[in-house]
Number of protein chains: 2
Amino acid sequence: MTERLHPRARQIVDAARDLLEQHGRDALTMRRVADRIGIRAPSLYKHFPDKAAVEIALIADGLGEVATVLEAAEERTKRTGAAESLADLATAYRSYALAHPHLYRLMTERPLPRESLPAGLEDRAAAPLVRATGEEHLARATWAFAHGMVMLELAGRFPADADLDATWRIGVRALLPR
Amino acid sequence: MTERLHPRARQIVDAARDLLEQHGRDALTMRRVADRIGIRAPSLYKHFPDKAAVEIALIADGLGEVATVLEAAEERTKRTGAAESLADLATAYRSYALAHPHLYRLMTERPLPRESLPAGLEDRAAAPLVRATGEEHLARATWAFAHGMVMLELAGRFPADADLDATWRIGVRALLPR
DNA sequence: GTCTATAGTGGGATAGAC
DNA sequence: GTCTATCCCACTATAGAC
């Protein structure tokens, strides 16, 4: 979605993404990616040097989508107060992560391969939150809260009867700029 | 550390932990565990039914240590205010996670195997934070903040020049009960 | 409770023909 | 740019002797 790739490379990344999202990280193998587009695994190496390069393309796609989703939330609440803006950003972030759990984990579990990513992409994804909090420390604290909530939710670590909507509200409210 | 195990089982879990902590999750294999204590891998299966059982023992150990560390922090700041208490709990939590990154990840990345854990262990680990925040929603929000900070820190996702001590202070301050 | 031997599965990646 | 053939690796786990 993000970078223009050769059609075949695009097809490989799309197949990799389907596998990852539908069957999880362990299902993302070069053999299975190849199967899915009807070629043999060794042929993939004419389009990507190794598996890590395919994963980087997935991360770039996901990061671009997060940026787009947050920018859209920001646009929607442009002229409302800080409380609504931050709440909407949080909702958008949470929705994206829960809709793409395995991709979200892939995107966040390691250092970003910054040299291999489109220039400015990381900043673009971070910008809406920095604008909403008005300050980088608070932006980072809020990101950490959101990331922690999402990860614990995805890992099934909260009690089954926990009211997580309420937890999100309370967290976002506490982290509002004062 | 937590449960009394047969000496040989204890030795296996300790070896598994060394491997995990020193070389990461991928290095935790039954072969390497066996190597480390000078036996062959198949012999491990006389002491544990499978690899998952060894991991569960690691998780139980780690969870018990987290509980102990948080209880100690709580004890130290027993008669100070809520702000100091929460800050000390946060510092203790962060220190433990950063000192045992791979174990911390193992402990938090999946649903807890609650049926296989000592009774009350999860509650014991959670209790200090619930007491400090006085309320379960705020306790969960604060846990999420701390978990998010730790995971992003461990994953190297913050800018190299970010002042994370300041981010922790700001987050903990914002999440204080009001 | 340890061993040897091995089954069974799967992975990433390369060489070289076409 | 695709193929076949293959290398080399690693893993969990079981069977059966001692």
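Proteins come first, then strands; the chains are lettered A, B, ... in the order of their sequence lines, and each starts at number 1. A quick note: this is a predicted structure, and the numbers were derived from the prediction, not measured.
Nucleic acid contact for B:Thr29: sugar-phosphate only, since backbone atoms but no base atoms lie under 4.0 Å from a heavy atom of the residue. As judged by a 4.0 angstrom heavy-atom cut-off over every strand, B:Lys46 is placed among the base-contacting residues.
Taking atom CD on B:Glu55 and atom C1' on D:dT12, their separation rounds to 12 Å, with Å as the unit. Atom CD1 in A:Ile12 sits roughly 13 Å away from atom P in C:dA13 (whole-Å rounding). Residue A:Gln11 contributes atom CD, which lies 13 Å from atom C1' of D:dG1 at whole-angstrom precision. B:Arg32 places its CZ atom 14 Å from the C1' atom of D:dT12, with the value rounded to the nearest Å. Rounded to whole angstrom, the span from the CG atom of A:Leu44 across to the P atom of C:dT14 amounts to 12 Å. Atom-to-atom, CZ of A:Arg25 to P of C:dG11 comes out at 14 Å; the value is rounded to the nearest Å. A:Tyr45 places its OH atom 19 Å from the P atom of D:dA5, with the value rounded to the nearest Å. When the C1' atom of C:dG10 is taken as reference, atom NZ of A:Lys51 falls 12 Å away, rounded to whole Å.
Checking D:dA15, C:dG12, D:dC3 against the side-chain heavy atoms of A:Arg31 singles out C:dG12 as nearest. If you check D:dT14, C:dA13, D:dT2 against the side chain of A:Pro42, the one that comes closest is C:dA13. Which of C:dA13, C:dT2, D:dT12 sits closest to the side chain of B:Met30 comes down to D:dT12.
Phosphate contact (OP1/OP2 of D:dA5, side-chain N/O of A:Arg40, threshold under 4.0 Å): absent. Phosphate contact (OP1/OP2 of D:dC3, side-chain N/O of A:Ser43, threshold under 4.0 Å): present. When the side-chain nitrogen and oxygen atoms of A:His47 are compared with OP1 and OP2 of D:dT2, one or more of them lie within a distance under 4.0 Å. Taking side-chain N and O atoms only, A:Arg8 has a distance below 4.0 Å to OP1 or OP2 of D:dT2.
Take the nearest nucleotide of DNA chain C for A:Ala27 and for A:Pro49: the residue whose nucleotide is more 5' is A:Ala27. With DNA chain C read from its 5' end, the first of the two nearest nucleotides for B:Gly38 and A:Leu28 is the one closest to B:Gly38.
Side-chain contact, A:Thr133 with A:Arg140: no donor N or O sits under 3.5 Å from an acceptor N or O. No side-chain N or O of B:Arg131 forms a donor-acceptor pair with one of B:Ser85 less than 3.5 Å apart.
Taking the six-membered ring for Trp and thresholds of 30 and 60 degrees, B:Tyr104 and B:His147 have ring planes inclined between 30 and 60 degrees apart.
For B:Arg79, the CZ atom is loosely surrounded, since the number of other residues' heavy atoms within 6.0 Å does not exceed 12.
Of all the heavy atoms in B:Arg157 and A:Thr108, the pair that sits closest is NH1-CA, 3.2 Å.
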